[in-house]
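Note that the structure is predicted; figures quoted are calculated from it, not measured. Naming: A, B, ... by sequence-line order, numbering from 1 per chain.
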There are 2 protein chains.
Amino acid sequence: MKDRYLDFVNSPFGMSIARSLGLPRPEVLRRYRADHAEFGGMAAIGAGPSPALFDDLMAVLSTIGMTSVAHESAAGWLPVAARHGAMSGRFEPRARDALASDRADRVEALIFDATGIVESGQLHALYAFFHDALRSLAKNGRIVVLGRPPATRASVPAATAQHALEGMVRSLGKEARNGITSNLLRVADDASFESALRFFLSPRSAYVSGQVVTIDASSAAPHSWTTPLAGKRALVTGAARGIGASIAAVLAEHGAIVTGLDVETARDALDQTMLSIEDASPSNGAHAALVADIAEPEAPGEIAAALIASGGIDIVVHNAGITRDKTIARMTDEMWDSVIDINLLAQARIDDALLARGVLRDGGRIVAVSSISGIAGNRGQTNYATSKAGVIGRVHAMAPSLRPRGITINAVAPGFIETHMTARMPFGVREAGRRLNSMGQGGLPVDVAETVAWLASPGSAGITGNVVRVCGQSLIGA
Amino acid sequence: MKDRYLDFVNSPFGMSIARSLGLPRPEVLRRYRADHAEFGGMAAIGAGPSPALFDDLMAVLSTIGMTSVAHESAAGWLPVAARHGAMSGRFEPRARDALASDRADRVEALIFDATGIVESGQLHALYAFFHDALRSLAKNGRIVVLGRPPATRASVPAATAQHALEGMVRSLGKEARNGITSNLLRVADDASFESALRFFLSPRSAYVSGQVVTIDASSAAPHSWTTPLAGKRALVTGAARGIGASIAAVLAEHGAIVTGLDVETARDALDQTMLSIEDASPSNGAHAALVADIAEPEAPGEIAAALIASGGIDIVVHNAGITRDKTIARMTDEMWDSVIDINLLAQARIDDALLARGVLRDGGRIVAVSSISGIAGNRGQTNYATSKAGVIGRVHAMAPSLRPRGITINAVAPGFIETHMTARMPFGVREAGRRLNSMGQGGLPVDVAETVAWLASPGSAGITGNVVRVCGQSLIGA
């Protein structure tokens, strides 16, 4: 489905019309392209007192080729840069009367180290930094605030201030517009945040904003950040079309060998999807299509058998799902049961089979697709919302028990994503879904897929039990 | 501020206009009135397997004078009713072709005991119950689902299913309309839910929907449910006007002796508020006005001294707050600092003073006013949203440490409430705030006040660390 409004207001003709009528003009989001540099330009650095992550942050920025300037709140940045042999200057606030069109003095990212903030008076440093720097941030720029998990703080004032960061990050996301994202990483002491920082600085996270991610363990870096999944085997359910096909493709681009699963009636589409992945994939030759109906009781056993045959699996992506929308009074038994079964119970059956037989290897990754409806509920979707809330409950419940094996489990919760499903929505519902978010547009399947790939990365070993919305910071929530 | 649209479409003339134009017609919410029975009519009972709370539920319904009928999912209800000597019949689904205007066969509440649900297939019982019963629910009716805190369940499937209830309850709230609320109580083993159940069945909770409340400890019943706060002393900050004045009044109606606090410039309004409370109050004579500026460092000491003089305090309501809205680039230092200080730091300073000196007695209650902006963030409110997110962080952080003293701390997070503040909003923002929720209208200060009074009740000893939104199930969230 094309978002014709977005295309129109960003055409030369439409742009002038929109300007004269005062219509909103959502930014065309910059997404990852293999033929463009993923990172670049300058980051402005701000900080509260005693920032703990300057060294690690500097190391990441150097590796990805971003230069930096230090805001006055981050006085300690310059010595750290010098120690790393990196150039760094002082951040100069953009003049208020600077031309909006002047892009020379823009920065690509605003990064604030709030880890040392131990009482809410110190939050002033965030104000000072974003007050000075927000207007310097380029279109499609990135805001990343680094904090600590509140529950890990020793004092009530520190936990309070760390939680307060949420309000700041979410408000900035709603103010910034222009395709700018704003996210909070809660980094526990000794946890590694490189994988998360890279993701949230990258165009890969174009439609992920207003999110709070907790990283609570250390992690080895992958052998390569461009193909972090090299040598990994992944299962993607519902892979024939839409979001699932995109997940399969992106995992393959990241180096994984993908088994795409779908039902018999989708066999042709599945074969075609897997074939097109084959052509574009660095690990050519090994991707496989697997036809199974996850609603059938024998499916988990069959899936496990197929994966054992190919030597086990490292990544399981539970994407398969269905909708059977009706208000509850008009919903049939079958509509309820099938949605709960396929969207929720089947995930559990498959994981149980793969975990019990050791098919999912230690250090593995489970990523389950939930939905904004599972968080906020939705009219006409009691069955779907219940199933997707259950997915979140399952992620929370399983994460602790999988830790000893180094397996992480997380959920992604898509908001309005442009698919065949949303293309069939009534016009009003579709337009509301597209516009009621900080990006002013729907997301694309690839936005969900990139988020899944990040969570599936070896570098994300410290991220488990999280729910990450891919919703452009939708207004809708709970 | 009058909601003229709500008045219009509910007038005889406006109703016919609205009908012919297909305009939405938000229900006039039924609120608590001392001259009307708080409870009454019939509740339909549904249940999953092995419901654990039938006995306690039956006891509450008997006490509050509600009769009941058992849905076929709640076969065990009839023997329990018989044991309690209560009449109970079988629930008959309302005929599909029943006249919408026929109110004779309506029930006032749908209550579902989901405590025994240990795997998601069993969620079918919720479907069956609400499928049959939702159309039987009267306007301003109540949906209450009783579940368990997911983290307390022994198995992953049980925790998953218990979390899934959220999606159901929130979706039902969005479907039901007509002033119907839908809420989930997570009742830990051996916790007492009477106070919460009464609140959520009462017209006192008219604007509280889509909420999930955890009750994790037992509680003695108050001496009286009509004046549960008799003999209790309460401090309400920002009591001169608006939500604070309403909180002071409602606490007094519930029997508390209230000290209303506000700044010097609001002295006249404060005196008038306290005087009007005096006239209407069961505990006549003892309410007091206290003038102090909580921004001043000496205020906590002064407040503590004043409260010691009157013998200590049982309930502290942190309601005082300010807004200084501007986008971050245009916000001044003073706008940031004053909002953080008054909305967040002052709460901490006052609590610290009251707790350190034992002015807040064991078994006390702290209720802090947060905001939907503290959850979702808001454009132009980086300072306010940060302060209100901090309030939530503080509630989470303090709850465990106050447990040994029997003190609870909770937050209420108002959505769009009709006050002088919202009356000054631009028309579009105000209308969006009013309509983008399941009630199709703004709330009233009394809705926040009733929620505070419920959390402050002796019966709510088992409720701590919760954030309860008073937002009519606003669409807006995170």
Asks: My understanding is that only one of B:N383, B:L345, B:T386, B:D337 makes a side-chain contact (heavy atoms from CB on, under 4.5 Å) with A:L123; could you say which?
Replies: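 It is B:T386, the one option of B:N383, B:L345, B:T386, B:D337 that forms the side-chain contact (heavy atoms from CB on, under 4.5 Å) with A:L123.
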Asks: Out of B:G173, B:G121, B:A159, B:A329, which one racks up the most heavy-atom pairs below 4.5 Å with chain A?
Replies: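 The option with the most such pairs is B:A329.
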Asks: What residues of residues 370-377 of chain B sit under 4.5 Å from chain A when you count only heavy atoms?
Replies: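 Residues in range: B:I375, B:A376, B:G377.
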Asks: I'd like to verify something: which residue of A:C471, A:A397, A:A478, A:P150 has the highest number of heavy-atom pairs under 4.5 Å with chain B?
Replies: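 Top option by heavy-atom pairs under 4.5 Å: A:A478.
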Asks: Please say which of B:I340, B:V339, B:D333 ends up in a side-chain contact (heavy atoms from CB on, under 4.5 Å) with A:Y127.
Replies: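 Output: one option passes, namely B:D333.
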Asks: Quick check for you: among B:E166, B:R153, B:K388, B:R330, which has the greatest number of heavy-atom pairs under 4.5 Å with chain A?
Replies: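 The residue among B:E166, B:R153, B:K388, B:R330 with the greatest pair count is B:R330.
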Asks: Looking at chain A, which one of B:A164, B:G393, B:A176 has the largest number of heavy-atom pairs inside 4.5 Å, strictly under?
Replies: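 If we count pairs closer than 4.5 Å to chain A, B:A164 comes out on top.
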Asks: Taking ring pair (Phe, Tyr, Trp, His ring centres under 6.0 Å) as the test, write out the residues that go with A:F112, two or more places apart.
Replies: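 Ring pair (Phe, Tyr, Trp, His ring centres under 6.0 Å) list for A:F112, sorted by chain: A:F129.
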Asks: Checking B:Y384 now: which residues fulfil ring pair (Phe, Tyr, Trp, His ring centres under 6.0 Å) with it, not counting sequence neighbours?
Replies: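 For B:Y384 there are no ring pair (Phe, Tyr, Trp, His ring centres under 6.0 Å) partners, ignoring immediate neighbours.
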Asks: Identify which part of A:A348 has an atom lying under 4.5 Å from any heavy atom of chain B, answering side chain, backbone, both or neither.
Replies: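 A:A348 has no heavy atom closer than 4.5 Å to chain B.
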Asks: For B:Q473, enumerate each residue passing the side-chain hydrogen bond (donor to acceptor under 3.5 Å, both in side chains) test, keeping only those at least two apart in sequence or located in another chain.
Replies: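 B:Q473 satisfies side-chain hydrogen bond (donor to acceptor under 3.5 Å, both in side chains) with B:S438 only.
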Asks: Check whether any side-chain heavy atom of B:R379 sits under 4.5 Å from a side-chain heavy atom of A:R177, and report yes or no.
Replies: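 Touching, per the 4.5 Å side-chain cut-off.
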Asks: CG of A:L344 to CD of B:E119: how many Å apart, nearest 0.5 Å?
Replies: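 CD of B:E119 is found 9.5 Å from CG of A:L344.
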Asks: If you count heavy-atom pairs under 4.5 Å between each of A:Q381, A:Q211, A:R170 and chain B, which one has the most?
Replies: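 It is A:R170.
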Asks: Taking all atoms of both residues into account, what is the closest heavy-atom pair of A:W336 and B:H124, and its distance?
Replies: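 The pair with the smallest heavy-atom distance is NE1-CA, 3.5 Å.
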Asks: Quick check for you: among B:G380, B:G390, B:A161, which has the greatest number of heavy-atom pairs under 4.5 Å with chain A?
Replies: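 Option with the greatest count: B:G390.
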Asks: Can you give me the closest heavy-atom contact between B:A385 and A:S171, atom names plus distance?
Replies: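 Residues B:A385 and A:S171, closest heavy atoms: CB-OG, 3.1 Å.
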Asks: Quick check on the interface: out of B:I392, B:L165, B:D341, who has the most heavy-atom pairs with chain A under 4.5 Å?
Replies: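 Sorted descending by pairs with chain A, the first entry is B:I392.
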Asks: Testing B:T332, B:I328, B:T382 one by one against A:H131 for a side-chain contact (heavy atoms from CB on, under 4.5 Å), which residue passes?
Replies: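 Going through the options one by one, the only one that passes is B:I328.
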Asks: Rounded to the nearest 0.5 Å, what separation is found between the CG atom of A:L134 and the OG1 atom of B:T327?
Replies: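 So the CG of A:L134 and the OG1 of B:T327 are separated by 8.5 Å.
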Asks: If you measure from CZ on A:R394 to NE2 on B:H163, what distance do you get to the nearest 0.5 Å?
Replies: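 Spacing of CZ (A:R394) from NE2 (B:H163) equals 13.0 Å.
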Asks: OG of B:S474 to CD1 of A:I476: how many Å apart, nearest 0.5 Å?
Replies: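 Spacing of OG (B:S474) from CD1 (A:I476) equals 10.0 Å.
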Asks: Rounded to the nearest 0.5 Å, what's the gap from CE on B:M331 to CZ on A:F130? Could you check?
Replies: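 One finds 13.0 Å between CE of B:M331 and CZ of A:F130.
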Asks: With respect to chain B, which residue among A:R469, A:Q162, A:H396 yields the maximal number of heavy-atom pairs within a distance under 4.5 Å?
Replies: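 Between A:R469, A:Q162, A:H396, the count favours A:R469.
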